[in-house]
Amino acid sequence: MPKLTIDDLEIEVPPGTKVIDAAEQLGIMIPRFCYLKELGPAGACRMCAVKFLQGPFKGVQMSCMVDAQDGMVVSTNDPEAVAFRKQVIEWLMLNHPHDCPVCDEGGQCLLQDETVSGGHGLRRYLGRKRTYRDQYLGPFIAHEMNRCIHCYRCSRFYQEYAGYRDLGPLQIADRVYFGRFKDGPLESPFSGNLVDICPTGVYTDKTARFRVRHWDLERAPSLCIHCSLGCHTVANARYREVVRIEGRSSGKVNAGFLCDRGRFGFGYAAHPERPRNAKIAAQNVPMSAAVREAGRRLLEIRESSGAEAIAVLGSGRSCLETLGMVQHLSRVGKWTAPDFFENPQMERKVKAIVSQLDARLAVSLRDVEKADCILAIGVDPVNEAPMLALAMRQAFRKDAKVVVVDPRPIFLPMRFEHLAVSSARIETLLQVLLQVLRQTDLAAPPAPLPQPIQLSEGLLSEVAFDSSVQAQFHALVETLVGSRNPVILCGSGVVGESVSSLAADCAEVLQNAKGKGGIFYVLPSANAFGAALLASSPEHSFLDTVEGIENGTIQALVVVESDPLRHFPDGPRLQAALTKLQFLLVLDYLPSETVRRADIFLPTCTLFEVGGSFINQQGRLQAAEKVHAVGTPIHQATDEAMRSARGEEGGGKHPPRMYDLGIPGGEPKAAWEVLDALMEALVPVAEGTWREDPWEVLKQEIPLLASWNGRGYPADGLHVVPEKRPGAAVALPLETEAHTSPSEASLQLLLVDWTFGTEELSQYAAVMRQVEGEPFLCMHPQDAERCGLAHGDALEVRLEEGSIRASLKVRENMACGVMVLPRHGRIQWQELRNLSGRVPFECIQKISTDTQVIEDLR
Amino acid sequence: MSRYPQVLFQNRKLKRINTLEEYCQSGGYQALADVLREYTPQGVCAAVQEAGLRGRGGAGFPAAKKWESVPADGAFPRFLVANSDEMEPGTFKDRVLIHAEPHTIIEGIAIAAYTIQASKAFIFVRPNYEGSAAILEREIKRAEEAGYLGRRILGSDFSLEIIVHLSGGRYICGEGTALLNALMGKRPNPIKPPPYPTVKGLWDRPTVVNNIETLANVPHIIRNGPDWFKGLSLVEKSPGTKLFCVSGKVKSPGCFELPMGTPLREIIEEHAGGLLEGSEFKACLPGGASTRFLIPEQLDVRMDFDSMGEIGHRMGTGAIIVFDQKTCLVGATLNLIQFFARESCGWCTPCREGLPYLRDLLWRIENGEGKEEYIPTIRSMCKDMWNSFCALAPGAASPVESLLTYFEDEVHEHIVQRKCPFQ
Amino acid sequence: MLPAEIKETLLQRIAHAIHPREQAIDVMTIMQSHYGYMSDEAMEEAGGLLDMTPLELEELATFYNFIYRRPVGRYVLHICDSTVCWMNGHESLLQHLCTLLQVEMGGTSPDGLFTLLPVCCLGYCDHSPAMIINQVIYGDLTREKIDSVIHKLREQAHAS
């Protein structure tokens, strides 16, 4: 390990460490503009110049371009280096517009900071400033090229790091311009990172434009809960409202970057229709009165029909504290076992996944970046968990092979092999793969495999993949055999229930042989893992509850931060069942359909208002801190006050003129607090075990947490998975009947997620309307032809009670026999009753020929 | 005719190239045949090393050493790039060479490619040399037909394809690593080694970039031996001949093949015919636009890499631009810096922002708006150019810095008179 | 749309390349000689052939000197403004050209025939001052020589 001296301080660093990073470890922040550890050195800005006094280099050199070496003596404050850096600043400021007072970057601007700290204050240059024309880059990012200092961070991130191809450097010399070919929305779902990495205000957050000054913000470390990855964020709030989300670097999850869904999807928290008052029969009442009344109604039902007549439903978007409290309340109250999943099939899959994970096998998102071979099974990273695609891209950049097995038309910002097979065939394929891996000497040096691969009796004969898939499969096996660090990614959306254990078995076989690699699952929600840990009863699901409601055994339903009307697969059935219910109590912060149906409604807080803990898909327990106080955002409160005072809008944006004792809209509490209050109303204090600390409850409810003190988190969270998983799954019989013969006149319906427009929370963010596009569905050309349909046709899919309308996209790169339908917010896909999962051809009708397809954003 | 032996120009004709047949008659492609029959790649390297051939593109790096830096276990396919992107003001030797003897270039490429075991070679030609590119393409085809290129050359196991690439046109493309980016269809920003192109160049494969003049020397070295080659030069450490381009205020501007180490005075006064009537030598740029002004007192310097280095100058490409006493050197320098500022690739700050700044200051001085305080600013900025990413900005600073070193009075005069004294 | 034979030539070149990108400049140059300049549509067409996005191609097109992204006249005059030509009277010749063609630097003459652009050293310093018009070099320029060249080009244009 090289040992060097920087500013008289000695440090030993791993080989390959740049001097700029070695200095950072000593707490010496060498000025920089172009250098970003994640992007690697560029040597463009020349700002990180330091003087090398001894060692293999001498004189002024860029500290980002030089590897630390033994015996180096470096001075960061040598007068020659300082003078050069000052000159660099002057150069960079020649054309800068000095518009800091109206720049959103002001106060967190690297250029501002280093101009001041570098000592450049007097303007000498008398030439004209260069000016540029800005571009429209879509609803997320504002463009101000005049501020640009040409550090190339944006184009290097956008193209090299993220793999998108519509933003880059144009022109030459002092006219270099960073932008698109033409005005238009950025195609990358990672575009928001430009805001974070731009060292000045070229790219600013358009959604937050001119709303805050940086120094006025309330900031706190938070988590992204728009998918199951649990990326680290910093939430920025002003006037009781989150205005901006930034990335935060984490050792195990995200390298400081975020996807645009996670960055711009927070609008649900300050949704204008967010219910902030407790309600009885849709009438606002004080929270305490509503809790009392809810307790009374529940006691009444317990008296009349027994405690089992009360059911409770939570969901994976709640924090662990709330889920634990749901479980506790249900247990202490002796209610029917609680459910934490609206979708019973999904519940089984998530539980299976959680049971497969152990500390040895579960790899983190950052580990995915290091894989040399990635096999993605039933997962569509860009659409389901976008940051996973970014991690895969980093592995790809280091020459990793990427293979995707999925029926959907998968796009990834990298080259990859796609085995577009139906969901049922994924299972078959994995069984074959597992068998091949088990009978191959994986530790031996890679050698060409026999063609075809020898398999034991009766395996491939039954599945009969077409020859192109066979060849792809053969190549996949060879890649896996030759790999050193293979990681298997496995989704939970479109795959069958046995896939997760088959994938884990494959990963285990590989890891046993290679000593590296593992498995990475993707779950349906931010805290699905936590929900699965709590959902202990294997037999009970929300489907049982629905049946209970239908047959009258369940009379009261408590819904905690969950929207079954959105997620339960058979919408019409649930609609009908709810009408039979005696009492529906809903706790939530979203203006959901379920909330509107509530007999009593109790408002809860968002993550930003109380913080909370979440377990990500890897089993990593992480915490978000409270960012701002509960209450209606001041601008909204002002508008409301104005409206009620004058019966109209407008009148300026002064602080609220609402004369009340409390904070307007300040009633909501953390869901677990509301549940606690409810418990007080239901259960005598002596029976309860807890009145203050939800963690005491969690430790009772989750054995894995029993030994943990529940105070403070390690920076990377706490990995709460067992040391060893129960063991390899038993071989399953090959599923053959699910295979569609070409003559069958129906398609398998796959309801899927899309980057924008399908995820529950971000759907409530207004800005998502602008990027989600129109509803569409995808079919393979063969299927489209058999149905007599063409790309761009407007379709109606009509099944029993419901129907949806969407335009058709014909895609070559997907499996035959499936119809892929994103759960777009504007279509009632719940009405398609997808429990059966098949759509006969005759149910797919063309409704007009002249409707134009609006292409999705890529 | 020159009183020195002509090597690259031995068959130079007026208005037409030396044809393949003529080239062969004079012993052309014999070296390639010998190499393929008798030499190992190491053998070629050793001969060229022994001859002491140094790169003609400006840096003077030993050619054999560059070839040797391709790792023995380096991946295949490997590439050779012949650099004919001469866009440096004052330089036109490649054009003349291509129009004189294209086959010595082609043969040199074939031998060098064999040496590094490259199967594909590119000739990177600047735009506006469409004529030269057409000649090369035509002659490559003829060489292929004659069996000197293509599959299994002259019955050996060695195959080579040569592709002529016509550049989109930018000075920076002449920089070796930027040139590779340009060839791959990327923006021609330079790349900082390591890894060196000889390890990871085009498409991450070992790639050698040589100037075409360097390559054209190779067949002659093989044919006549290292001692002969050394004997061509007037100095010890820079063997062979050199193509010198002389332009500016001389009677006979042109490209001359002269021994390395020919005194600068002799080149200007004898070979280029001396200065125009009524002109007196004031200064010259001895090696293209990116070298320092050289003054009358230094005219007796020998033109070779080391002799020039000893007096603090660079021979560069050997393109001599002569200025007379009627030419304003502030104006000339402003013109040079305008060139460099416009041709900066825009990657690093000193070059992208610093050169326009220098241009602005020089423009003010030339146009009567100069101030004394600009002089130290210009000096310090010239020094800071050395901390830029590639060699473009330090090259650009060279004439500016030497203007202040040798002609500070002329600069002062501009400032004091508040106008250009030459107008 | 490109004529079939040009498209075929381009596709062959691309197929022969190690990576399609390598042919980006060649494809643009060939298409430009057909279209006169690279319009947005031509850029998209070229991108399609090269498996490059229009942006990726634009990064190159706007870097180089000789890809025209705006309409140009039938003859594009690049007049060398580097050191030797500067020394040998480039400025007065440029003035002369501007008057003769009724254009400013960067503009196109009212008859749409001539576009005047600067260019750095053409490599004809031994025949300075020099300019290049549609790939043909004119050296040792004088006012008279310029007059006759322009006259000839005008006649040529009117004849066709």
Side-chain angles (χ1 to χ4, degrees), chain A residues 16 32-34 40-51 59-62 64-67 80-81 83-96 122-130 148-152 155-156 159-160 168-178 399, chain B residues 168-173 177-178 186-194 204 337-364 367 369-371 373-374 376-390 392-393 396:
Chain A
R32 83 277 311 264
F33 289 118
C34 68
C45 74
R46 317 310 275 179
M47 190 60 200
C48 66
V50 296
K51 180 112 172 239
V60 171
Q61 299 276 345
M62 302 308 128
C64 74
M65 300 293 284
V66 177
D67 283 351
E80 198 188 330
F84 177 70
R85 295 201 300 257
K86 191 172 168 185
Q87 178 62 73
V88 171
I89 287 281
E90 185 189 15
W91 284 330
L92 292 175
M93 292 301 286
L94 295 185
N95 294 294
H96 193 75
L122 284 174
R123 188 169 184 80
R124 298 190 292 178
Y125 179 67
L126 298 173
R128 277 173 69 111
K129 285 185 185 181
R130 156 190 68 214
C148 183
I149 58 166
H150 304 86
C151 70
Y152 289 81
S155 58
R156 296 178 67 222
Q159 296 191 358
E160 294 170 26
L170 305 169
Q171 301 282 353
I172 184 175
D174 59 343
R175 299 188 314 279
V176 169
Y177 182 92
F178 296 92
D399 295 329
Chain B
R170 277 300 175 189
Y171 175 64
I172 191 65
C173 297
T177 54
K186 299 179 182 175
R187 276 172 75 86
N189 298 120
I191 308 162
K192 192 89 175 171
D204 288 344
I337 210 77
Q338 159 73 15
F339 165 83
F340 287 112
R342 203 166 60 189
E343 294 299 312
S344 162
C345 79
W347 180 256
C348 78
T349 309
C351 189
R352 186 189 59 246
E353 310 290 350
L355 295 182
Y357 195 160
L358 280 174
R359 176 182 58 194
D360 182 71
L361 294 177
L362 284 167
W363 185 89
R364 282 168 201 282
N367 289 281
E369 295 176 20
K371 294 189 179 141
E373 71 222 44
Y374 291 174
T377 305
I378 294 173
R379 266 215 182 90
S380 115
M381 243 186 276
C382 284
K383 189 175 129 273
D384 286 335
M385 287 298 155
W386 287 85
N387 290 324
S388 57
F389 191 88
C390 80
L392 191 148

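Every heavy atom of this structure was used, including side-chain atoms; hydrogens, water molecules and symmetry mates were not. Lettering follows sequence order; numbering is per chain, from 1. Bear in mind the structure is a predicted one, so any value in this text is a computation, not a measurement.
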Mind checking whether [X] and [Y] have side chains closer than 4.5 Å, heavy atoms only?
X: A:F33; Y: B:T349; result: no
X: B:N387; Y: A:M62; result: yes
X: A:N95; Y: B:E353; result: yes

Choice from A:L92, A:V176, A:L126 maximising heavy atom contacts with chain B below 4.5 Å: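 So the answer, after comparing A:L92, A:V176, A:L126, is A:L126.
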Which heavy atom in [X] sits nearest to a heavy atom in [Y], and how many Å separate them?
X: A:G43; Y: B:C348; answer: O-CB, 4.2 Å
X: B:A341; Y: A:A173; answer: O-CB, 3.3 Å
X: A:F84; Y: B:P350; answer: CZ-CG, 4.3 Å
X: A:I149; Y: B:R352; answer: O-NH2, 3.3 Å
X: A:I172; Y: B:S344; answer: CG1-O, 3.1 Å

Value rounded to 0.5 Å, distance of CG in B:D204 from CG in A:D399: 8.0 Å
Main-chain N/O of A:A42 paired to B:W347 side chain as donor or acceptor, under 3.5 Å: yes
Residue B:E343 versus chain A: region with a heavy atom under 4.5 Å: backbone
Residue B:D384 versus chain A: region with a heavy atom under 4.5 Å: both
Under 4.5 Å from a heavy atom of chain B, the part of [X] involved:
X: A:E90; result: side chain
X: A:M65; result: side chain
X: A:R128; result: neither
X: A:P41; result: neither
X: A:I89; result: neither

Heavy-atom pair count under 4.5 Å with chain A, highest-scoring of B:K192, B:R187, B:R170, B:R364: B:R187
Parallel, tilted or perpendicular: rings of B:Y357 and A:Y125 (30°, 60°): perpendicular
